[in-house]
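Every number for a ligand or one of its atoms is a count from 1 in the order of the listing. Remember, predicted model here, so these are calculated numbers, not experimental data.
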Amino acid sequence: MTNQIQIADKTFELFLENHTISKRTRLIGIQLNIDYEDKCPIFIGVLNGSFLFMADLLKEVEIPCEIGFIRVSSYDGAESSGKIKETFGLPDHLHNRDVIIVEDIVDTGFTLNYVINEVKKQKPASVKVCSLLFKPAALKAPIEELEYTGFEIANEFVVGYGLDYDGLGRNLKDIYREKTVPADLG
Ligand code: IMP
């Protein structure tokens with residue numbers, strides 16, 4: 001395990017170790033097993049970022065459940081432009097089902113708002129969101145459905161455990177945050 005890594009032009013420092021993420025994930029799993037006891041929810045992972053969290057989380061879920069993935073893309077390639085273009089692969093049998101959307105991170109919340117609206121068009125019985133990370137200071141509009149959060153973090157750029165910088169870093173076991181240069185040195 002390295003404390004500092006370089007990806008393209010950015011330097012990152014270790015922030016959340018894999019064992020810390022695992023412990024928190026186990027607790028969320030226990031909570032889900034309680035909250036959805038006697039139900040058969042559908043977990044929908046938002047790709048690409050959620051792929052590792054989704055896999056580890058679902059290993060902790062012991063109730064019967066279905067699993068699907070969706071992918072969203074935004075106009076202009078800008079992650080937080082607020083203009084989401086298309087959804088790929090959203091399951092079409094969500095009517096009267098309990099849906100749990102699984103995200104890597106909630107930043108502005110634009111992506112999630114779009115996905116929640118798409119899911120609601122099918123009139124599910126319930127919709128909740130489970131996100132590994134949440135940046136409250138970056139959120140543009142409240143998300144009532146955000147029920148399960150792994151870690152609330154400051155408005156910093158993070159990478160690893162599914163999250164990328166310029167397509168890189170998703171395979172890192174731990175989460176790193178961008179190292180900022182003190183103003184007087186920068
Ligand atoms: P939102 O629509 O602004 O909430 O952005 C959500 C998406 O932006 C996430 O699913 C990530 O793909 C990406 N994102 C937001 N913040 C970060 C970050 O700190 N590191 C890497 N990706 C991020």
Distance filter under 4.0 Å to T111 heavy atoms, resulting ligand 1 atoms: 1 (P), 2 (O), 5 (O), 6 (C)
So which heavy atom on P41 is nearest to which on P64, and how close? CD-O, 3.4 Å
Side chains of residues 140-161: which donor-acceptor pairs under 3.5 Å do they make with residues two or more places apart or in other chains?
residue: E145; atom: OE2; partner: K120; partner atom: NZ; Å: 2.6
residue: Y148; atom: OH; partner: D35; partner atom: OD2; Å: 2.6
residue: Y161; atom: OH; partner: D56; partner atom: OD2; Å: 2.6

Contacting atoms of ligand 1, where contact means under 4.0 angstrom from a heavy atom of E103: 10 (O)
Going by the order shown, which atoms of ligand 1 are within less than 4.0 Å of some heavy atom of D104? 9 (C), 10 (O), 11 (C), 12 (O)
Polar contacts were defined as any N/O atom of the residue lying under 3.5 Å from an N/O atom of the ligand; does this apply to V159 and ligand 1? no
Evaluate V158 for polar contact with ligand 1, using N/O atom pairs at a separation under 3.5 Å. yes
Is a donor from one side chain sitting under 3.5 angstrom from an acceptor on the other, for Y176 and N3? no
In Å and rounded to the nearest 0.5 Å, what is the CD1 to CD1 distance from I105 to I175? 8.0 Å
For ligand 1, is there an atom lying under 4.0 Å from some heavy atom of G49? no
With a 4.5 Å heavy-atom cut-off, do L57 and C130 have their side chains touching? yes
Would you mind running through ligand 1 and noting each atom that sits below 4.0 Å from a heavy atom of D164? 21 (C)
Is a side-chain donor-acceptor pair under 3.5 Å present for Q122 with H93? no
Using the test side-chain hydrogen bond (donor to acceptor under 3.5 Å, both in side chains), find all partners of K39 that sit at least two apart in sequence or belong to another chain. none
Can you tell me if K135 contacts ligand 1 (heavy atom of the residue under 4.0 Å from the ligand)? yes
Below 4.0 angstrom from a heavy atom of D107, which ligand 1 atoms are there? Numbered from 1 as shown, please. 1 (P), 3 (O), 4 (O), 5 (O), 15 (C), 16 (N)
Enumerated ligand 1 atoms positioned under 4.0 Å from heavy atoms of E156: 19 (O)
If you count the atoms of ligand 1 from 1 in the order shown, which ones are under 4.0 Å from a heavy atom of T108? 1 (P), 2 (O), 3 (O), 4 (O)
Side chains of T11 and Q6: is there a donor and an acceptor less than 3.5 Å apart? yes
